[in-house]
Amino acid sequence: MTASTGAAGAGFLEMWRDLRPIGRNRDSGGYRRYAWTAADADCRAWFRAQAESRGLTYELDRNGNQWAWLGDPDAGDAVVTGSHLDSVPDGGAFDGPLGVVSSFAALDELRHRGAEFTKPLAITNFGDEEGARFGLACVGSRLTSGVLTPEQAHALTDADGVSLPQAMERAGYDPETIGPDHDRLARIGAFIELHVEQGRALDLSGDAVGIASSIWPHGRWRFDFRGEANHAGTTRLVDRRDPMLSYAETVLAARREARLAGAVATFGKIAVEPNGVNAIPSLVRGWLDSRAADQQALDDTVTAIEKAARAYADEHGIEVSLTRESFTPVVEFDHALRDELARILGTDQELKVPVLGTGAGHDAGILASSIPTAMLFVRNPTGVSHSPAESAAEDDCLAGVHALADVLEGLACT
Ligand code: GLV
Ligand code: MN
Ligand code: MN
């Protein structure tokens, strides 16, 4: 992003500049801000500094989520906004940080307007939204809302065998405190998450900002294909039990079945043992991410992929097992809150806001089962996300800040 206009714009750009180098890989240009790593700690320090420089009360909750409060949290009916600062492997700059930076910038804008708050306001950074390290997305908001139990969280491990509690401990946090935080959620009247759009609906409609209607049901499944390790040069083709073959055919089946069901299905992560160029693998572990607009289409897709995987495994003398590692049902954002956002934003003649669904998961989607939540999307001109090429124009980001400020003013001010 380059030069800017207005008070909110200057603050936005300054925050963006500060955050930009943290966790950025020089070679790929992408972000590697994984939960409980040094990059994550730097993002958290940045959040805390932003909160304190604005005179907000900083809080760290029992699940490692960060909060910056204006007003008394115990007054109840708080309006909360925010997103996350962690990233997928080689993620873009906007997925998550745009929501957090825009939240602080929107507060600056409201102060500039002289807005008087009648409700407490908080800005949040939810921990481990992407699940890049421990495989489960939205760990912070899942724990807080009780969707994930402490026992389940304690069992999570990263690729090096480090457990979530160990990682938290090494980062200076107490893993023994994690668990549901219903009292905290009870203080909240509305949660609004602003996010870069991860698709091209706004680009196609010609709008800078949109409102979310729903999130598709989605999940992650681990396929373990087990065969027999052997020499790549001396083992006759007919004697091999090569799990890579069954895996490769399953990837093609996933594409085919998703197309037939109108869903999406992706094998984006794979682990191979022993992982040697000259060895037939003994194990190929592939992670399937699948999503669809409705539950039936998702079920049909995953069932068909599993059936194909079992048939291919039989053919090659392979054992295959399937583990559902996470699942999030369809989320319909609170209709009353969504209508309220549309009303607030619709009063500005220049801003017509489309309402759109998304295939991407968000903390707002997890929290929607506990509190009224809504989302604002900011146009992404290419639709590319979870990639260093993710982008949003500066003017659109500032339109997002303006829209968020309007929404917070409408919900939390007289
Ligand atoms: C998170 O961004 C997801 O949709 O997986
Ligand atoms: Mn993401
Ligand atoms: Mn995100």
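We count ligands from 1, going down the list as the structure has it; atoms in each ligand are counted the same way.
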Do the ring planes of Trp67 and Phe126 sit parallel (below 30°), tilted (30 to 60°) or perpendicular (above 60°)?
perpendicular

For the backbone of Pro180 and the side chain of Arg62, can you confirm whether one donor and one acceptor N or O come within less than 3.5 Å of each other?
yes

Is the side chain of Arg33 donor-acceptor paired with the backbone N or O of Ile22 at a distance under 3.5 Å, no angle test?
yes

Sort by chain and number the protein N/O/S atoms that are closer than 2.8 Å to the Mn ion (ligand 3), and list them.
His84 NE2, Asp95 OD1, His195 NE2

In Thr124, Thr144, Asp181, Asn125, the residue satisfying side chain to side chain donor-acceptor pair (under 3.5 Å) with Asn65 is Thr144

Within the protein, residues bringing a heavy atom under 4.0 Å of ligand 1, chain by chain:
Glu130, Arg291, Ala360, Gly361, His386

Go through Phe104 and Phe47 one step at a time and tell me if the ring pair (Phe, Tyr, Trp, His ring centres under 6.0 Å) criterion holds.
CA-CA 10 Å; Phe104 284 116; Phe47 181 95; 5.3 Å; yes

Side-chain donor-acceptor contacts of residues 289-298 below 3.5 Å, not counting sequence neighbours, with atom names and distances?
| residue | atom | partner | partner atom | Å |
| --- | --- | --- | --- | --- |
| Asp289 | OD1 | Arg291 | NE | 2.8 |
| Asp289 | OD2 | Arg291 | NH2 | 2.7 |
| Ser290 | OG | Val264 | O | 2.8 |
| Arg291 | NH1 | Gly359 | O | 2.7 |
| Asp294 | OD1 | Gln296 | N | 3.1 |
| Asp294 | OD1 | Ala297 | N | 3.0 |
| Gln295 | NE2 | Asp299 | OD1 | 2.8 |
| Gln296 | NE2 | Asp300 | OD1 | 3.0 |

Out of Phe223, Trp287, Trp221, Phe225, which one pairs with Phe267 under the ring-ring contact (aromatic ring centres under 6.0 Å, His included) rule?
Phe223

Let me see the working for Arg54 and Gln50 under side chain to side chain donor-acceptor pair (under 3.5 Å), right down to the final yes or no.
CA-CA 6 Å; Arg54 287 172 175 78; Gln50 294 302 322; 2.7 Å; yes

Under 3.5 Å donor-acceptor pairs involving side-chain atoms of residues 188-202, not counting sequence neighbours:
| residue | atom | partner | partner atom | Å |
| --- | --- | --- | --- | --- |
| Glu193 | OE1 | Ala364 | N | 3.1 |
| Glu193 | OE2 | Ser83 | OG | 2.7 |
| His195 | NE2 | Asp95 | OD1 | 2.7 |
| Glu197 | OE1 | Ala201 | N | 3.4 |
| Glu197 | OE1 | Leu202 | N | 3.0 |
| Glu197 | OE2 | Ala201 | N | 3.0 |
| Gln198 | NE2 | Asp95 | OD2 | 3.1 |
| Gln198 | NE2 | Ser385 | OG | 3.0 |
| Arg200 | NE | Asp203 | OD2 | 3.3 |
| Arg200 | NH2 | Asp203 | OD2 | 2.9 |

